Number of protein chains: 2
Amino acid sequence: MEPGLEPNRRRELLRAAARLFVEKGFAATTTRDIAEAVGMRAGSPFYHFRSKQELLKAAMIEGLDSGLVRLLAAVDGVADPEICLRVLVRTHLGNLLEDDCRSPMLIYESRALDAADRAEVAAAFDRYQAPWQATLEQLAAIGRIDSAGPPKRLLMFGMLNGCSHWFRPGGALSVDELAEAAAAFVLGPQPSAQ
Amino acid sequence: MEPGLEPNRRRELLRAAARLFVEKGFAATTTRDIAEAVGMRAGSPFYHFRSKQELLKAAMIEGLDSGLVRLLAAVDGVADPEICLRVLVRTHLGNLLEDDCRSPMLIYESRALDAADRAEVAAAFDRYQAPWQATLEQLAAIGRIDSAGPPKRLLMFGMLNGCSHWFRPGGALSVDELAEAAAAFVLGPQPSAQ
DNA sequence: TTATTAACCAAGCAAGCGCTTGGTTATTTT
DNA sequence: AAAATAACCAAGCGCTTGCTTGGTTAATAA
């Protein structure tokens, strides 16, 4: 139709692909599924993307980066590291459970990519993890948690992302309550003073 | 070859299927992959199982049940609920990371099954969860943890199963150390006296 | 107005998929 | 020795898959 200035359909494709890849898995999702989800014919997505893997890679990287933007916007100006962690947890659960793309879950489809693409995705994930690691180190520095080693961060991410397998928004538990329970898991019980 | 009394090949098929399903995902694993892994030709697995889905279902249920046997054997005779939880965590991580099947991860492939099969699998998973729930309730009863609601158990399982995505045995961190770190996550800090 | 280009559709191709069918082999039973 | 059975193999069938190719349409540029 119109030339140039319309990456709308490309974005639509990415959003539909992310949703379906998370919902059914990469291998179980056909490019026809994705095309149909945005009202295209079977071959048309390949005008925008060279392969199904490239669709996945783009959905992962752009999904993680836009999630990171939300993370940074949420913690902007927050000084207290404990509050900062709570905000990170809440915002991440929003990316994971409230956005219909749920793009953070896409990292678990990395195995469908080759080594080069996987490295690009890993870099995007490192960017996403950076504010978390910084906050954990601050918490360890003030003695609020005992250590900030990688296991702690990885256990935490596993716990948070695992919610995507059982939590359904609109149920008895709200995302806010869930975020509080998850943060309490990481931070331990409230210290009485200080 | 011999008739009757040899379910060995069937077991071999189930173990290979579980390993490959966890490694590559259900949809990305072909029945030819599974056949080749046990030295069979493409069509031969269908002598033992009617469909690829039935292979998955059997691998899930029998994997969970044999994992449950290990759980119950490990906590047999353990009275203290805190020690009991630590043993459950350590044994589950063994099922998840040290056994080459890693069958607990198969639950995340449930979406490949129809409703009837999924119900059978859910029943097996409930059996697996039962000793955990009992232990958590005991811990809550003595005030060792604040509550034993479903979110706590689900957050915990997410954290434990998530290890399968980043932990590799033989690395710097041992499974024993990982189990301790994970248990500390659930139990919070050590209470100074009783 | 004409030419160009972006964005699609219609159709189909080769490869791979789950699964079936009919035959083969070796063991066990009679 | 003969019959029966369990456990496979060889071959292939129909279908789906990711992707390609050539044409079509409408908007922009010249």
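Each chain gets a letter, A, B and so on, in the order the sequences are listed, and its residues count up from 1. Keep in mind that what you see is a predicted model, and the values were worked out from it rather than measured.
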Checklist entry - Among dC8(C), dG18(C), dG18(D), which is the nearest nucleotide to the side chain of R9(A)? => result dC8(C)
Checklist entry - In terms of side-chain heavy atoms of T31(B), which of dC9(D), dG18(D), dG18(C) is nearest? => result dG18(C)
Grab the [atom1]-[atom2] distance between [X] and [N] for me, whole Å please.
| X | N | atom1 | atom2 | value |
| --- | --- | --- | --- | --- |
| F46(A) | dA6(C) | CZ | C1' | 19 Å |
| L55(A) | dC19(D) | CG | C1' | 13 Å |
| L13(B) | dC19(C) | CG | P | 14 Å |
| D33(A) | dT16(D) | CG | C1' | 11 Å |
| Q53(B) | dC17(C) | CD | C1' | 12 Å |
| N8(B) | dC8(D) | CG | C1' | 15 Å |
| R10(B) | dC8(D) | CZ | P | 13 Å |

Checklist entry - Parallel under 30°, tilted from 30 to 60°, perpendicular over 60°: which one fits the rings of F157(B) and H92(B)? => result perpendicular
Below 4.0 Å: OP1/OP2 of [N] and any side-chain N or O of [X]:
| X | N | answer |
| --- | --- | --- |
| R41(B) | dC8(D) | no |
| H48(B) | dA6(D) | no |
| Y47(B) | dC8(D) | no |

Checklist entry - Does the side chain of T30(A) come under 3.5 Å of the side chain of D33(A) through a donor N or O and an acceptor N or O? => result yes
Checklist entry - Between S44(A) and A28(A), who's closer to the 5' end of DNA chain D by nearest nucleotide? => result A28(A)
Item to check | E62(A) side chain near S103(A) side chain, heavy-atom distance below 4.5 Å | outcome: no
Next on the checklist: Considering every strand and a 4.0 Å limit on heavy-atom distances, what is the contact class for T30(A): base, sugar-phosphate, or nothing?
Outcome noted: sugar-phosphate
Checklist entry - Going by an N to O cut-off under 4.0 Å, is there a salt bridge joining E36(B) and R32(B)? => result no
Checklist entry - Does a salt bridge link E12(A) with R9(A), judged by any charged N lying under 4.0 Å from a carboxylate O? => result yes
Checklist entry - Within the modelled atom types, does a donor on one side and an acceptor on the other bring the side chain of R32(A) and the base of dG18(D) under 3.5 Å apart? => result yes
